[in-house]
Colleague: 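There's a structure below that I have some questions on.
All values derive from a computational prediction rather than experimental measurement.
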Amino acid sequence: MEDQNQCTTRDEQLKNLNLPKVLIHGPPGFSSVLQPPFSQKFHILNHSSLPLHKFAATHAHHCSSVAAVLCDGGYPVTADVLRLLPSLRLLVTASAGTDHVDLEECRRLGVRVAGAGNMFSEDVADLAVGLLIDVMMKISAANRCLRERILLTGKKVGIVGLGKIGLEVAHRLEAFGCMISYNSRSKKTFVSYPFYSSVVELATNNNVLVLCCALNDQTRHMINREVMLALGKGGIIVNVARGALIYEKELLRCLMEREIGGAGLDVFENEPLVCEEFFSLDNVVLSPHAGFSTLESHDGICQLVGRNLEAFFSNKPLITPII
Ligand SMILES: O=CC(=O)O
């Protein structure tokens, strides 16, 4: 386990010992998300690229006093991980999605959780629209001249998950003259877009599906063959949420057999691996889970994770609480 704040003097070491211990749980380089002045207020521990349980075996003294974890999406915080950290009181994830966190177990243990809130919503919505235009206009497929005149105007777009990102996508596509409808857990009273309680019906009545919802037991593989066939041969699927919302094998089959028109994918079922069969298809546009990787989002999340940690350890309300 690396001690991130390299203390040179005994005074610094003593000061560090009194600071709340924050364990970084993310990819190499992720610890830079916690920047001064926030990083100076915590005793930051980094378990590097080795699995947490291996470090816990040799660094039990550190693990036993970790008060907060700062994690990244895709770095699971399971019941097993939580068991390694008996003093944990706060988990801050630098992601909007929380499917990598066992929220039930956090609730049971009384561990508070904060996330990225709406930090990435606009960027992710921009990417969704960008992918859609790219798939439709075949820009990445490098068609020198457009073989057909495909315009967004008049297209019917079904949004799956009308949270902040879904709404941002809807607003952008309305400006292109698209007709919006949606599916989500419940009908929203604050919009007049038609609501479909079934995704198959949403697909039947639209040319495009844009996936913006959370991944959970109810939504895993919700976009299956039935939904794809209902969307039909000209239909396009854009996914900026989580790869496992789509039954990826079926998506590949439908794309290969031209059962749907195309897909714009920022996320994949087995990230960071991307199924190589996608690479040879000209009706798909791929991007590497990049919806939130603008400079503005990066600066924003650096501030936000620090502010959440600071708020918690000053007994103030979390800025972007999840639980
Ligand atoms: O995918 C990115 C996020 O959940 O923030």
Colleague: Quick check: is Val169 connected to Val191 through a chain of hydrophobic side chains (ILVMFWY, heavy atoms under 4.5 Å apart)?
Modeller: yes
Colleague: So, the side chain of Asp266 versus the backbone of Ala290: is there a donor-acceptor pair under 3.5 Å, distance only?
Modeller: yes
Colleague: Hey, does the side chain of Thr98 reach the backbone of Val101 with a donor-acceptor pair shorter than 3.5 angstrom?
Modeller: no
Colleague: Are a donor atom and an acceptor atom from the side chains of Thr78 and Asp102 found within less than 3.5 Å of each other?
Modeller: no
Colleague: Please test Tyr182 against Tyr196 for ring-ring contact (aromatic ring centres under 6.0 Å, His included), starting from the C-alpha separation and ending with a verdict.
Modeller: CA-CA 6 Å; Tyr182 71 102; Tyr196 290 94; 8.6 Å; no
Colleague: Nearest 0.5 Å please: distance from the CG atom of Asn183 over to the CG atom of Leu162.
Modeller: 10.0 Å
Colleague: Which atom pair, heavy atoms only, marks the closest approach of His25 to Pro76?
Modeller: NE2-O, 2.9 Å
Colleague: Can Ser181 and Asn205 be counted as having a side-chain donor-acceptor contact under 3.5 angstrom?
Modeller: no
Colleague: What's the separation between atom CG in Leu109 and atom CZ in Arg89, rounded to the nearest 0.5 Å?
Modeller: 14.0 Å
Colleague: Could you walk me through whether Ile133 and Met136 pass the side-chain contact (heavy atoms from CB on, under 4.5 Å) check?
Modeller: CA-CA 5 Å; Ile133 293 172; Met136 279 191 158; 5.8 Å; no
Colleague: Testing the basics here: between Glu168 and Ala125, what is the closest heavy-atom pair and its distance to 0.1 Å?
Modeller: CB-CB, 3.4 Å
Colleague: Run the side-chain contact (heavy atoms from CB on, under 4.5 Å) test on Val227 and Leu209 for me, step by step, so that the C-alpha distance in whole Å, both residues' side-chain angles and the decisive distance to 0.1 Å come before the verdict.
Modeller: CA-CA 10 Å; Val227 174; Leu209 289 183; 3.8 Å; yes
Colleague: Distance only, no hydrogens: is a donor on one side chain within 3.5 Å (strictly under) of an acceptor on the other, for Glu269 and His221?
Modeller: yes
Colleague: How long is the span from the CD atom in Gln303 to the NE2 atom in His298, to the nearest 0.5 Å?
Modeller: 11.0 Å
Colleague: Can a salt bridge be assigned to the pair Glu104 and Arg107 using a cut-off of 4.0 Å between side-chain N and carboxylate O?
Modeller: yes
Colleague: Please tell me if the side chains of Phe268 and His289 come closer than 4.5 Å, counting only heavy atoms from C-beta onward.
Modeller: no
Colleague: Checking the side chain of Ser198 only, and the main-chain atoms of Glu201 only, is there a donor and an acceptor separated by less than 3.5 Å?
Modeller: yes
Colleague: Between Glu259 and Arg253, is there a side-chain N and carboxylate O pair less than 4.0 Å apart?
Modeller: no
Colleague: Where do Leu127 and Ser287 come nearest, in terms of heavy atoms and distance?
Modeller: CD2-OG, 3.7 Å
Colleague: Just do the salt bridge (Lys or Arg N to Asp or Glu O under 4.0 Å) check on Arg307 and Glu310 with the steps written out, would you?
Modeller: CA-CA 5 Å; Arg307 286 173 59 217; Glu310 187 178 57; over 6 Å; no
Colleague: For residues Val160 and Val210, determine if any side-chain heavy atom of one lies less than 4.5 Å from a side-chain heavy atom of the other.
Modeller: no
Colleague: Treating Ser297 as the side-chain partner and Thr294 as the backbone partner, does any N or O pair qualify as donor plus acceptor under 3.5 Å?
Modeller: no
Colleague: Indicate yes or no: at least one non-hydrogen side-chain atom of Leu34 is less than 4.5 angstrom from one of Cys302.
Modeller: no
Colleague: Same cluster for Val113 and Leu215 if Ile/Leu/Val/Met/Phe/Trp/Tyr side chains link at under 4.5 Å?
Modeller: no
Colleague: Rounded to the nearest 0.5 Å, how far apart are CG of Leu281 and CG of Leu255?
Modeller: 6.0 Å
Colleague: Does atom CZ of Arg185 have more than 12 heavy-atom neighbours, drawn from other residues, nucleotides or ligands, at distances under 6.0 Å?
Modeller: no
Colleague: Are there more than 12 heavy atoms of other residues, nucleotides or ligands under 6.0 Å from atom CZ of Phe30?
Modeller: yes
Colleague: Measure the CG-CG distance between Asp72 and Leu70 for me, rounded to the nearest 0.5 Å.
Modeller: 8.5 Å
Colleague: Can a side-chain donor-acceptor contact be found between Tyr247 and Glu226 if the only test is distance below 3.5 angstrom?
Modeller: no
Colleague: With side-chain contact (heavy atoms from CB on, under 4.5 Å) as the test, would you mind laying out the steps for Ile44 and Ile24 before giving the verdict?
Modeller: CA-CA 7 Å; Ile44 299 166; Ile24 305 289; 3.5 Å; yes
Colleague: Do you see a donor-acceptor pair shorter than 3.5 Å between the side chains of Asn308 and Thr320?
Modeller: yes
Colleague: State, yes or no, whether a side-chain contact exists between Leu88 and Val69 at a heavy-atom distance under 4.5 Å.
Modeller: yes
Colleague: Going by an N to O cut-off under 4.0 Å, is there a salt bridge joining Asp282 and Arg258?
Modeller: yes
Colleague: Check whether any side-chain heavy atom of Ile237 lies under 4.5 Å from a side-chain heavy atom of Val135, and answer yes or no.
Modeller: no
Colleague: Any side-chain heavy-atom pair from Arg220 and Leu245 closer than 4.5 angstrom?
Modeller: no
Colleague: Can you hop from Val238 to Val124 via hydrophobic side chains spaced under 4.5 Å?
Modeller: yes
Colleague: Could you see if Val284 belongs to whatever hydrophobic cluster contains Leu211? Use Ile, Leu, Val, Met, Phe, Trp, Tyr and a side-chain cutoff under 4.5 Å.
Modeller: yes
Colleague: Short question: side chain of Arg112, backbone of Ile323 - any donor-acceptor pair under 3.5 Å?
Modeller: yes
Colleague: Take atom CG of Leu273 as the centre, draw a 6.0 Å sphere, and report whether it contains more than 12 heavy atoms from other residues, nucleotides or ligands.
Modeller: yes
Colleague: If two hydrophobic side chains count as joined below 4.5 Å and joins carry through other members, does Tyr75 share a cluster with Val267?
Modeller: no
Colleague: Taking atom CZ of Phe38 as the centre, report whether more than 12 heavy atoms of other residues, nucleotides or ligands fall under 6.0 Å from it.
Modeller: yes
Colleague: Do you know which two heavy atoms are closest between Cys212 and Ile159, and how far apart they sit?
Modeller: SG-CG2, 4.2 Å
Colleague: Does Asn206 reach the main-chain N or O of Val208 with its side chain, forming a donor-acceptor pair under 3.5 Å?
Modeller: no
Colleague: Do Ile260 and Leu251 have side chains that get closer than 4.5 Å, going by heavy atoms?
Modeller: yes
Colleague: I'd like to know if the side chain of Thr93 reaches the main chain of Gly115, judged simply by a donor and an acceptor atom lying under 3.5 Å from each other, with no hydrogens or angles considered.
Modeller: no
Colleague: For Glu257, look at atom CD and say whether over 12 heavy atoms of other residues, nucleotides or ligands are found less than 6.0 Å away.
Modeller: yes
Colleague: Within the structure provided, determine whether Lys156 and Cys178 are in side-chain contact (heavy-atom separation under 4.5 Å).
Modeller: no
Colleague: Any chance you could measure Phe312, atom CZ, to Leu91, atom CG, to the nearest 0.5 Å?
Modeller: 10.5 Å
Colleague: Where do Phe42 and Phe313 land on the ring-ring contact (aromatic ring centres under 6.0 Å, His included) test, with the steps shown first?
Modeller: CA-CA 10 Å; Phe42 304 101; Phe313 288 104; 5.7 Å; yes
